[in-house]
There are 2 protein chains.
Amino acid sequence: MWEKDYYEVHDKMYIGTDCIIFGFDNGVLKLLIFKRRIEPNVGEYSLIGSFVKLEESISNAASRVLHEITGLQNVFMEELKTYNAVERDPGFRCVSVGQYALIRIDDYDKDLVEKHGAMWYTFDELPDLVLDHNQMVEDAMARLRRKAKYQPIGLELLPEKFTLPQLQSLYEAIYQRKMDSRNFRKKVLSFGVLIKLEEKDKTSSRKGAFYYKFDYEKYKELLAQGIYFVV
Amino acid sequence: MWEKDYYEVHDKMYIGTDCIIFGFDNGVLKLLIFKRRIEPNVGEYSLIGSFVKLEESISNAASRVLHEITGLQNVFMEELKTYNAVERDPGFRCVSVGQYALIRIDDYDKDLVEKHGAMWYTFDELPDLVLDHNQMVEDAMARLRRKAKYQPIGLELLPEKFTLPQLQSLYEAIYQRKMDSRNFRKKVLSFGVLIKLEEKDKTSSRKGAFYYKFDYEKYKELLAQGIYFVV
DNA sequence: ATTATTAACGTAAAAAATACGTTTATTTTT
DNA sequence: AAAAATAAACGTATTTTTTACGTTAATAAT
């Protein structure tokens, strides 16, 4: 990695990042997709991405575009993998680092998103995307499913206050299967990382469901102990 | 990722890969570490790595150096993550993609390895490595532990024929804890991916332990069904 | 033949996951 | 004001999985 002779060979290698942005919109998992307005590939659909600048880290680069597009800062984000096939980009040799982000779908700046030509799509209604972006989405979805097995995803995708039925519907959306509400509740509460609030959400039922919030401190402790959050 | 103005800014970004090479040497997990013989950092310890050439994928690059160093081909390898802090390499901006490899420690070419100044170290005897290579090793170790939970690692690290006690000692090395041999055997055999051979290994006991081999077909089926291999 | 040693087999107890029935709080309808 | 409707909350029995641990078997060395 330090041999001088490689310097020249590599002066045409580019590195970028593409963001797979998940949102959860009452009961449905969605992805933020862009209709391209600039060359190349005008009019085609793609993920949002950027080249990585010399003076920024890859996650900086992703945060930068995410902020430009959604107005959000401090969004949860994690590296997925690199996409580096020699021929993946017909223009030139470019490695892209896929990063997936989880955002609260109520938080983002609607005007900004619309201005950039972005739209929310469900996983199965996704249009054809440029390059290997469909693959990226598929990989991100698989990763999200696996991640949900040992970390409470709800933290990032749900609003501050949420009900157990909401949390369950998020898990059902991720795993694509119905779960038993009694067992779900039992399991989720057994971790002791949820705090029950006095307030109720009356929008989805007559009885109303109590709001909960995460106990971040306890959650961190649990993770430190290496305890898994399998639902 | 396609905007022209970035081209210039990025003509000094380099991309390389570093390999975290695991071997299993009767009961002990080891890592292949190099004492550098060329500038920069002569005499210091590091992982083996290379720049990624314009006409090769990142895993090609890793396979290439792995072959140069160990004489091995078709080694199991998986991307770990990118190491991309702006200041990680004092010389210039270089993103490194960490990749971990699992090799059968009896297979590699001893002369070749020695010629390149490489040595096997256990995880806790590891010397200080250049740059962020110690971090890479730590991350790879963590990944290996997690991976071992849902895939039969033995496949890659053990010889073609292996005994159950050997497989168990591999898992014990990975998890750093003793396991109950009766439960381990029960669990491992319950997956139905091991084929018992007639032959016995007599080197470690008077009674001798039967050799087993993997049933690759069944194993692939299991993975396709999404079944986890939790031991 | 006896002893030593690790492998192989088996079973009981504890814990976790699953399946499913009943009650409760509230709003809407009558 | 009572009855009906509805989703939430609570609880318990059954099944499955995990854990703990005792016994027997095969072989080489003595």
Side-chain angles (χ1 to χ4, degrees), chain A residues 26-27 145 148-150 152 154 158-159 161-213 222 225-231, chain B residues 26-27 148-150 152 154 158-159 161-173 175-213 222 225-231:
Chain A
N26 73 96
R145 289 210 177 103
K149 291 232 166 188
Y150 57 91
L158 291 176
K161 296 185 304 188
F162 53 87
T163 66
L164 290 186
Q166 278 172 355
L167 185 62
Q168 179 174 345
S169 87
L170 171 59
Y171 271 86
E172 290 180 338
I174 291 174
Y175 289 131
Q176 306 275 43
R177 65 180 169 84
K178 282 278 166 202
M179 293 174 173
D180 182 282
S181 66
R182 295 152 290 190
N183 295 335
F184 180 85
R185 171 184 303 269
K186 205 187 307 172
K187 182 84 196 197
V188 147
L189 291 177
S190 76
F191 293 107
V193 294
L194 295 185
I195 298 169
K196 188 178 183 175
L197 306 178
E198 283 311 305
E199 202 181 343
K200 271 185 169 183
D201 167 38
K202 293 271 182 65
T203 61
S204 67
S205 84
R206 289 168 186 172
K207 184 177 180 181
F210 281 105
Y211 279 119
Y212 285 79
K213 62 175 186 181
L222 271 187
Q225 286 169 38
I227 284 174
Y228 277 7
F229 186 89
V230 180
V231 180
Chain B
N26 73 95
K149 290 232 167 189
Y150 58 91
L158 290 175
K161 296 185 302 186
F162 53 87
T163 66
L164 290 185
Q166 277 171 355
L167 185 62
Q168 179 174 345
S169 88
L170 170 59
Y171 271 86
E172 290 180 339
Y175 289 130
Q176 306 276 42
R177 65 180 168 85
K178 281 279 167 202
M179 293 174 173
D180 182 282
S181 67
R182 296 152 290 189
N183 294 334
F184 180 84
R185 169 184 306 266
K186 204 187 310 172
K187 183 85 196 198
V188 146
L189 291 177
S190 75
F191 293 106
V193 294
L194 294 185
I195 298 169
K196 188 177 183 175
L197 305 177
E198 283 312 305
E199 202 182 345
K200 272 185 168 183
D201 166 38
K202 293 272 181 66
T203 60
S204 68
S205 83
R206 288 168 187 173
K207 182 179 179 181
F210 282 104
Y211 278 118
Y212 285 80
K213 64 175 184 181
L222 271 187
Q225 285 169 40
I227 284 174
Y228 277 6
F229 186 91
V230 180
V231 181

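Numbered from 1 within each chain, the chains take letters A, B, ... in sequence-line order.
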Is there a Watson-Crick or G-U wobble partner for C/dT3 with both distances under 3.5 Å, and if so, which one is it? D/dA28
Starting at atom [atom1] of [X], determine the distance to atom [atom2] of [N], rounded to an integer number of angstrom.
{"X": "A/Asp180", "N": "D/dA13", "atom1": "CG", "atom2": "P", "answer": "17 Å"}
{"X": "B/Phe184", "N": "C/dA8", "atom1": "CZ", "atom2": "C1'", "answer": "14 Å"}
{"X": "B/Phe210", "N": "D/dT27", "atom1": "CZ", "atom2": "P", "answer": "7 Å"}
{"X": "A/Tyr211", "N": "D/dA8", "atom1": "OH", "atom2": "P", "answer": "12 Å"}
{"X": "A/Met179", "N": "C/dC20", "atom1": "CE", "atom2": "C1'", "answer": "18 Å"}
{"X": "B/Arg185", "N": "D/dG22", "atom1": "CZ", "atom2": "P", "answer": "18 Å"}
{"X": "B/Glu198", "N": "C/dA8", "atom1": "CD", "atom2": "P", "answer": "12 Å"}
{"X": "B/Leu194", "N": "C/dA8", "atom1": "CG", "atom2": "C1'", "answer": "15 Å"}

If you take all heavy atoms of B/Phe210 and B/Leu197, which pair is closest and at what distance? CD2-O, 3.4 Å
For A/Asp180, what residues pass the salt bridge (charged side-chain N to carboxylate O under 4.0 Å, His left out) criterion, not counting sequence neighbours? A/Arg182
Taking only residues two or more places apart in sequence, or in another chain, which ones meet B/Lys207 in a side chain to side chain contact (heavy atoms under 4.5 Å, CB included)? B/Lys200, B/Ser205
Contact class for B/Ser181 vs. all strands (heavy atom < 4.0 Å): base, sugar-phosphate, or nothing? nothing
Sequence neighbours excluded - ring-ring contact (aromatic ring centres under 6.0 Å, His included) pairs with any residue from residues 181-208 of chain A: A/Tyr171-A/Phe184, A/Phe191-A/Phe229
Run the side-chain donor-acceptor check on residues 161-168 of chain B: report pairs under 3.5 Å with partners two or more places apart or on a different chain.
| from | atom 1 | to | atom 2 | distance (Å) |
| --- | --- | --- | --- | --- |
| B/Lys161 | NZ | B/Glu199 | OE1 | 2.8 |
| B/Lys161 | NZ | B/Glu199 | OE2 | 3.0 |
| B/Thr163 | OG1 | B/Gln166 | N | 3.2 |
| B/Gln166 | OE1 | B/Thr163 | N | 3.1 |
| B/Gln168 | NE2 | B/Glu172 | OE2 | 3.0 |
| B/Gln168 | NE2 | B/Met179 | O | 2.9 |

At less than 4.0 Å, is any side-chain N or O atom of B/Thr163 found next to OP1 or OP2 of C/dT6? Yes or no. no
Mark up nucleotides 22-30 of chain C, 5' to 3', with B wherever a protein heavy atom is under 4.0 angstrom from a base atom, S wherever such an atom reaches only the sugar-phosphate, and - elsewhere. --BBBBS--
Which letter, B, S or -, goes with each nucleotide of nucleotides 11-17 of chain C from 5' to 3', with contact meaning a protein heavy atom under 4.0 Å? B-----S
Just grab all the side-chain hydrogen bond (donor to acceptor under 3.5 Å, both in side chains) pairs involving residues 187-198 of chain B, residues at least two apart or on different chains. none
Can you tell me how far OG of A/Ser169 sits from NZ of A/Lys178, rounded to the nearest 0.5 angstrom? 8.0 Å
State which residues pass side chain to side chain donor-acceptor pair (under 3.5 Å) with A/Lys213; sequence neighbours excluded, sorted by chain then number. none
